[in-house]
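Whatever order the structure lists them in is the order used to number ligands and atoms, beginning at 1. Bear in mind the structure is a predicted one, so any value in this text is a computation, not a measurement.
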Amino acid sequence: MRTPVSPARGRLATALLLVFVYLNLAAAVSVPRYPELEARTRADLDANTVRRELGSRLSPGTLIFGPNDEQFLTITARWNTFAPPQIQVVVQPGTEADVSKIVKYCNQNSIDFLATNGGHGNSASLGTFTGVQISMASLRTITIQPNQKSAWFQGGVYGGLVTKYLWERGFVTTTGSCDCVGLLGAALGGGHGRHEGLYGMVVDNLLQLNVVLGDGRAIRVSPTSHPDLLWAMKGAGHNFGIVTSFELNIFPRGPDTWHYHNYIWTGAHLEPVFAALNRLHNNGSTPVNMALNFGFFFLNATVSPTDPILSWTFAYRGPAQAAEALLADFNAIPAVHTDQNDVPYPSVSKAQANAEDDFICQKGSKRVTSTAGLQTYNLTAERLIYDAFRARAVAHPALAAGVGILHEGYSTAGVDARNPDETAYPFRSDHHLMLFNAVVPPNDPVLEELAWEWAEEVRDMWNAGQPARAENNYVNYANGYEELETVYGREPWRLARLRALKEKYDPQNRFRFYNPIVEPREGKGKGKGKGKGKGKRRSFQG
Ligand SMILES: Cc1cc2nc3c(=O)[nH]c(=O)nc-3n(C[C@H](O)[C@H](O)[C@H](O)COP(=O)(O)OP(=O)(O)OC[C@H]3O[C@@H](n4cnc5c(N)ncnc54)[C@H](O)[C@@H]3O)c2cc1C
Ligand SMILES: *[C@@H]1O[C@H](CO)[C@@H](O)[C@H](O)[C@H]1NC(C)=O
Ligand SMILES: *[C@@H]1O[C@H](CO)[C@@H](O)[C@H](O)[C@H]1NC(C)=O
Ligand SMILES: *[C@@H]1O[C@H](CO)[C@@H](O)[C@H](O)[C@H]1NC(C)=O
C-alpha cells in the first residue's frame, strides 16, 4: 500500500533521483552532454588522443589523421584558403554508423565537428571553425534500386564520380556542374546542374536521407519521417545535420552525345553577345536541352593585356544540328577562337573546363568572391562591369590577372515548374547565377582590400542592373558576409521556419559553420561588426 508523499518530500525525491540518473549516465558516457552552449575546443586535442579515446569504437576502415601525418595537407586542402576552417584532427569514418559515434564523442568532449567532402565550401563562416573534420571520402557507395528510378548514394560522393558511374549503366541524375564538387555540398543548398532544365535542381530529386543530428542521433528524413526537416534540408541543409546517405531520382541517360560549342570574343562584341544570350534564355524560357552555358570575363594575354576576353561555353543535350540552330546568333558574332564537338555526357565537363583536373577545380588559392542572382542580363550593367575590369587591368595588373567574372545560364524549366514554397531553396526565379572570383596573393593586404572593393562593386553593378528585383545570393556561392535574408529568402516566414526547425533539430547549434541561420553568439572575438566595404562585410575571421 502506498503512503501519500508530501509535495516537499516529493520534490526532494525527484531531485535525488535526477542526481542519481545524472551520475549514472555521466559514468556510462552514453548520452551527449552539452556543458556549454558553445563548445570550447579541447586544448589537448591531437590525433593520438582521438585514436586512443575513439579509435577502438569505430569501424576498422576508419582513418584518423593529425597535422603530422602525410595525408593531412591533402585531406584538409580548401578551394578557397581565405578563411579556412582550423582543423586539429581529421576522422574519416569507414562506415555510416561511425559518423554518429564521432559526433557523440565530440559532444562529450566539447569539440566542434565539421563534415567535409569536396572542400569547395567558400563561405567565410567556415573560418570560425576549430575542431575535428569528419571527412566523408570513404563513403562513396552507389546502389541503383531495382526499379531503376532511384539510387542510394553515400554522403561522400561527388559530381564527376556520380555522373560517370550512372552513365556507364545507362542513367543520369541531377548533380552540380563541376565534377569536383561534393554532391551533397551542392544539394544541401539547392544544387544547380546541367539536368535542371529537364528534372529540376538536386533538391527536387531528393527522396530521403539518412541524417546524423547534432546530438549524434541517426534519423531517417523522408516525406513520412521528419518531413519538416526534409523541407529544410532542401536548401538550408548544412545547418541541420550530416547526411550519411541519400536516395535520389535517376533517369534514363538520353542521347548518346551532347554537343558543345566554345567561343572567345573580344569586349567589342559584348552587347551583341549579351543580347543573343537574352534572346536564347528569353527570361527563363530556355529550350530545355540547351542545358548550360557560362562565360567568363578574364584576361588572356595572347589576345590583349588589358581588354578581358568573353570566353563562353555552351552545352546542348543532343546532336550538333539541333544545337547549332539555337546558336546561329552566336555564330554570327566574329570570334577570336571557337571549338565544337559532340561527346558523351561525362566528357562535357572536360569540354566546358570544369572537370576534376581543370583549373577551376584546383585547391589552395586565396580567393575573394561575390555573387548575384539575375533574371535577365542588363547590357548597360555588363558594359560597366567590363569597362571597370579594363580600368583595373591598367591600374592593378597583378590583381586583374587573377580575376574571372562568371555568368551562368542554365535551362530552368524544371526549376520553375516547382512550387517555391516546397523547398527551403528560395530563388527559383533567378535564371542566372553570377560569381566574381579573384585569386589574390596570400600575403598582400593592399591587393586583397582592392579585391574586396572590386568584388562588391561588381555585385552592386549586377544588382543595380535589376532595380525592380531584390538582391539574392545563392547560399553555395555566398561569401558569408551577406545579409541572411538575401541568402535564405526575404519572405519572413522562411527564416522564421528555418529557425524554428533549428530549435527543434539542432538546439545546441552544432551546425553553425556554413552560412549559419543562427549566428554564433557574440563575445568570441568574432562578432558581427561591419566590415569596411559598404557596410556589408562582417568580420568573420575575427
Ligand atoms: C569550382 C566550383 C564549382 C561549383 N559548381 C557548382 C555547381 O555547378 N552547382 C552548384 O550548385 N554549386 C556549385 N558550386 C558551389 C558548391 O555547391 C559549394 O561550394 C559546396 O558547398 C561545395 O561542397 P563540397 O563538398 O565540395 O565542399 P565542402 O567544403 O567539403 O562542404 C561544403 C559544406 O557542405 C557541408 N557538407 C559536405 N558534405 C556533407 C554531408 N555529407 N552532410 C552534411 N553536410 C555536408 C560541409 O559541412 C560544408 O559546410 C561550385 C563551387 C566551386 C568552388
Ligand atoms: C520575367 O519573368 C518573370 C516571371 O518569371 C516576370 O515576373 C518578369 O516580369 C519577367 N521579366 C521581363 C523583363 O519580362
Ligand atoms: C587565349 O587566347 C588564345 C588565342 O585565341 C586561345 O588559343 C587560348 O585558348 C586562350 N586561352 C584561354 C585560357 O582562354
Ligand atoms: C540596367 O542597368 C542600368 C545601370 O545600372 C540601370 O540604370 C537600368 O535601370 C537597368 N535597366 C533595367 C531595364 O533594369
Discussion item. Protein heavy atoms near atom 1 (C) of ligand 4, is at least one of them under 4.0 angstrom away?
Written reply: yes
Response to the item:
In this structure, atom 6 (C) of ligand 4 is nearest to the protein heavy atom A464 O, 4.0 Å
Worksheet item: Does the ring centre of W258 sit less than 6.0 Å away from the ring centre of H195?
Response: yes
Discussion item. Testing the 3.5 Å rule here: is there a donor-acceptor pair between the side chains of Q362 and W79?
Written reply: no
Worksheet, complete the sentence: heavy-atom search around atom 7 (O) of ligand 3 in the protein gives H337 ND1, 4.0 Å
Discussion item. Strictly less than 4.0 Å: does any protein heavy-atom distance to atom 9 (O) of ligand 4 fall in that range?
Written reply: yes
Discussion item. Regarding ligand 2, does N283 bring an N or O atom to under 3.5 Å of one of the ligand's N or O atoms?
Written reply: yes
Practice prompt. Name the closest protein heavy atom to atom 5 (O) of ligand 2, giving the residue it belongs to and the distance to 0.1 Å.
Written response: Q375 NE2, 4.0 Å
Fill in: Any donor-acceptor N/O pair, S370 side chain to A455 backbone, under 3.5 Å
yes
Fill in: Geometric class of the Y481/F82 ring pair [parallel <30°, tilted 30-60°, perpendicular >60°]
perpendicular
Practice prompt. Under 4.0 Å from a heavy atom of N300: give me the atoms of ligand 3 that qualify, with their elements.
Written response: 1 (C), 2 (O), 3 (C), 8 (C), 10 (C), 11 (N), 12 (C), 14 (O)
Discussion item. Please identify which of these residues, T338, T313, N331, D339, meets the side chain to side chain donor-acceptor pair (under 3.5 Å) condition with Y263.
Written reply: N331
Worksheet item: Which of the numbered atoms in ligand 4 are below 4.0 angstrom from a heavy atom of P467?
Response: 9 (O), 14 (O)
Worksheet entry | Side chain, backbone, both or neither: the part of F298 lying under 4.0 Å from ligand 3 by heavy atom | side chain
Worksheet item: Looking only at protein heavy atoms, which one is nearest to atom 4 (C) of ligand 4, and how far off is it?
Response: T380 CG2, 4.1 Å
Worksheet, complete the sentence: The atoms of ligand 3 lying under 4.0 Å from a heavy atom of V303, numbered in the order shown, are 2 (O)
Worksheet item: Under 3.5 Å between some N or O of ligand 3 and some N or O of T302?
Response: no
Practice prompt. For atom 13 (C) of ligand 4, grab the closest protein heavy atom and report residue, atom and distance to one decimal in Å.
Written response: N378 ND2, 4.6 Å
Discussion item. Keeping K164 on the side-chain end and P346 on the backbone end, is there a donor-acceptor pair under 3.5 Å?
Written reply: no
Worksheet item: By number and element, which atoms of ligand 3 are closer than 4.0 Å to a non-hydrogen atom of V336?
Response: 5 (O)
Worksheet item: Sub-3.5 Å donor-acceptor pair from the side chain of N262 to the main-chain atoms of A351, do we have one?
Response: yes
Worksheet item: For the rings on H238 and F513, is their centre-to-centre separation under 6.0 Å?
Response: no
Discussion item. Between H192 and Y474, is there a side-chain donor-acceptor contact under 3.5 Å, judged purely by atom types and distance?
Written reply: no
